[in-house]
Amino acid sequence: MSDLKILFATSECELFAKTGGLGDVAFALPKQLALNENIDIRVVMPKYKSILEKVSSNFTFVTSFNVEVGWRNQYCGIFMYKMNNVTYYFIDNEYYFNRDNLYGYYDDGERFAFFDRAVIMMLEEVDFKADIIHGNDWQCGMIPALLNIQYKDNPFYSNIKYVYSIHNLLFQGNYDKNVLPDLFNIDLEYYHNGILGFDNGVSYMKAALMYSTKILTVSKTYAEEIKMPYLGEKMDGLLRERSEDFFGIVNGIDYSLYNPETDSLIYENYSLENIEDKHKNKLALQKELGLPVRSDIPMIGIVSRLTGQKGVDIIRQVGEYLLQQDIQFVILGTGDYEYEEYFKYLQYKYPNKVSANIKFNKELSHKIYAASDIFLMPSLFEPCGLGQLIALRYGSVPVVRETGGLKDTIIPYNKYTGEGNGFSFRNYNSIELYDCLQKAIAYYQDEKVWNDLVKSAIESNNSWEKSAKVYEELYLSIL
Ligand code: ADP
């Protein structure tokens, strides 16, 4: 019998379906927690169309039942899969989840209203009496509201605690007030009395902030930043009110998934012992992308969603100045049309210096982490950021803006003490970005300094071990 039973609810998870950092966390944190045999951790997510057939063909069907989504009565199948001591459940409904993408549909509010109630009902159906549900982001925001408003009198649910993680406060799941009766059978009173009302409508994320036992986010600095109006996205007041129950715990990365020594997606494996082999990845990537094949040129990598959050605006202001020098830029990302077009333009104008890969591609992302010398992440805000952690692991030296998790994980290089694992600048403007990147490029020419930097990047410890312990303590503290 396990002492601690947790259901981890998420809208994405690496190896099954992922669009960003949440997918990494939802895979790695439960896996790390499951190493403790006193913890029974199970993950639940939608059974998306994009889960590869060779993976989903190993799922086993568990049960099915019907879920009320307001006046609608929808089929819900439950599939199961076990791996690394973690049990994964998949919520099946073809009408909601058999679509090309994970999100971005006119009825996302309805899709995740269905998901949230299905997650709750599933517990009883599969007879898993969880002590804690740990939900993530707006997609899981209504679970604690439903539990509190509609399931409190059911003894199966009455003692469940709810932990909620904010991976990005920008995405809140805000809808018209009528979704309350229409999708959740919740009285409009909850809108009028202000409990679920937000910005003239209702917000799934606010619901979670109101009803969760504990609220988490993914770095200490971001936890402080979002308690202030500038990055608070209109939730800062509520977060300040709940500050006693609100903490930042920094993310790690899965050290077996991201390991230059064993990674089968990169051209040449390497570690600190044979670090000179890292540059073979650069040569091979240059060849593959049609860039001049040269080991002496600094390669700057970007793997990112191309949105306002990620600092593309300030890259755009100085991109062409930077490209007057002897450097290479390799970009992998998708996002806003104007940013995608900008990088395509750069590639068109500087074909010998820029490779713009406008797509989502896991294999190429690993190749870029392994090949690049510098990893650029000048975010306007960054809850934690995994790109810079993966870059460190592969010895690509991060250049970042000091915000959120970037501030907590990148120690700027100090030429006097030799400390540091990257470069950082403080204010969100293109001049500081330019200066900071210039500094990194200049140090790249100094072999001794650069080798030391690469070494301390690789030696930075961002595995999940430490942070998972903090989660464990937090879970135990609320039982
Ligand atoms: P966010 O979650 O805000 O998008 P993070 O840095 O926390 O940013 O996580 C991004 C994750 O998604 C990393 O694992 C990164 O490698 C991956 N990623 C981002 N863009 C792409 C892409 N175009 N192709 C492949 N992987 C990508």
Side-chain angles (χ1 to χ4, degrees), residues 10-29 50 101-104 136-139 165-171 217-219 221-222 226 231 233 248-260 263 265-266 285 289 301-312 330-336 339-340 343-344 355-372 375-394 396 398-401 403-410 422 462 464 467:
T10 177
S11 57
E12 55 182 87
C13 180
E14 169 69 282
L15 295 196
F16 303 112
K18 158 182 154 179
T19 68
L22 169 60
D24 286 285
V25 175
F27 175 73
L29 173 61
S50 56
N101 297 311
L102 273 57
Y103 325 115
N136 296 276
D137 275 352
W138 73 264
Q139 291 89 344
S165 283
I166 303 167
H167 296 262
N168 195 331
L169 190 66
L170 184 65
F171 307 115
T217 191
V218 287
S219 72
T221 295
Y222 191 60
I226 59 179
L231 293 180
E233 306 292 345
I249 306 175
V250 73
N251 285 336
I253 51 169
D254 188 287
Y255 264 35
S256 51
L257 220 53
Y258 298 109
N259 183 358
D263 190 338
L265 300 178
I266 65 177
L285 186 65
L289 299 179
I302 295 178
V303 178
S304 179
R305 286 184 292 118
L306 303 177
T307 66
Q309 177 196 336
K310 299 294 179 175
V312 191
V330 177
I331 297 109
L332 171 64
T334 56
D336 296 354
Y339 300 134
E340 293 185 350
F343 286 118
K344 283 190 207 162
S355 171
N357 305 276
I358 307 303
K359 55 186 173 184
F360 195 95
N361 186 313
K362 177 163 146 174
E363 185 171 335
L364 184 56
S365 75
H366 284 235
K367 287 177 173 168
I368 295 174
Y369 288 118
S372 55
F375 188 78
L376 182 59
M377 206 161 161
S379 306
L380 170 63
F381 69 92
E382 197 57 73
C384 176
L386 296 180
Q388 85 281 15
L389 302 183
I390 304 169
L392 287 171
R393 178 90 168 131
Y394 285 79
S396 175
V399 170
V400 305
R401 188 174 94 79
T403 182
L406 295 173
K407 182 165 182 222
D408 294 354
T409 56
I410 301 305
N462 293 298
W464 265 104
S467 291

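Whatever order the structure lists them in is the order used to number ligands and atoms, beginning at 1.
By the 4.5 Å heavy-atom criterion applied to side chains, Glu382 and Tyr222 are not counted as neighbours.
Side-chain atoms of Thr19 and Tyr103 form no donor-acceptor pair, as typed in the model, at a separation below 3.5 Å. With 3.5 Å as the limit, one finds a donor-acceptor pair spanning the side chains of Ser372 and Ser396. A donor-acceptor pair shorter than 3.5 Å can be found between the side chains of Asp263 and Tyr394. Between Thr10 and Asn136, the side chains place no donor N or O within less than 3.5 Å of an acceptor N or O (distance only, hydrogens not considered).
Taking every heavy atom of Gly387 and a limit of under 4.0 angstrom, the matching atoms of ligand 1 come to 6 (O). Atoms of ligand 1 lying under 4.0 Å from at least one heavy atom of Ser304, given by number and element, are 20 (N). Atoms of ligand 1 lying under 4.0 Å from any heavy atom of Tyr369, numbered from 1 in the order shown and given with element: 15 (C), 16 (O). Close approach of ligand 1 to Lys359 is summarised as follows: ligand atoms under 4.0 Å from at least one heavy atom of the residue are 22 (C), 23 (N). Close approach of ligand 1 to Gly333 is summarised as follows: ligand atoms under 4.0 Å from at least one heavy atom of the residue are 23 (N). Close contacts of ligand 1 with Tyr258, meaning ligand atoms under 4.0 Å from a residue heavy atom, involve 14 (O). Taking every heavy atom of Met377 and a limit of under 4.0 angstrom, the matching atoms of ligand 1 come to 6 (O).
When Thr19, Ile390, Asn361 are checked for heavy-atom proximity to atom 24 (N) of ligand 1, Asn361 turns out nearest. Comparing Glu14, Gln388, Arg305 by heavy-atom distance to atom 4 (O) of ligand 1, the nearest is Arg305.
Closest to atom 2 (O) of ligand 1, if we only count protein heavy atoms, is Gly21 N, 2.6 Å. Counting only heavy atoms of the protein, atom 6 (O) of ligand 1 lies nearest to Leu386 N, 2.9 Å. Closest to atom 13 (C) of ligand 1, if we only count protein heavy atoms, is Asp24 OD2, 3.8 Å. Taking atom 26 (N) of ligand 1 as the reference point, the nearest protein heavy-atom neighbour is Phe360 CZ, 3.5 Å. Nearest protein neighbour of atom 8 (O) of ligand 1, counting heavy atoms only, is Lys310 NZ, 3.1 Å.
Using 4.0 Å as the threshold, Phe381 has no heavy atom nearer than that to any atom of ligand 1. Within the 4.0 Å heavy-atom shell around ligand 1 one does not find Cys384.
The shortest N or O to N or O distance between Thr334 and ligand 1 is not under 3.5 Å. Of the N or O atoms in Asn168, none lie within a sub-3.5 Å distance of an N or O in ligand 1.
The distance from atom OG of Ser11 to atom NE2 of His167, rounded to the nearest 0.5 Å, is 8.5 Å. From Leu376, atom CG reaches atom OG of Ser304 across 9.0 Å, with rounding to the nearest 0.5 Å. How far CD of Glu14 is from CG of Asp254: 8.5 Å, rounded to the nearest 0.5 Å.
Between the side chain of Thr217 and the backbone N or O of Ile166 there is at least one donor-acceptor pair closer than 3.5 Å.
Minimum interatomic distance between Leu306 and Phe343 (heavy atoms only, all atoms of both residues): CD2-CE1, 3.9 Å.
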Side chain to side chain contact (heavy atoms under 4.5 Å, CB included) evaluation trace for Ser467 with Asn251: CA-CA 7 Å; Ser467 291; Asn251 285 336; over 6 Å; no

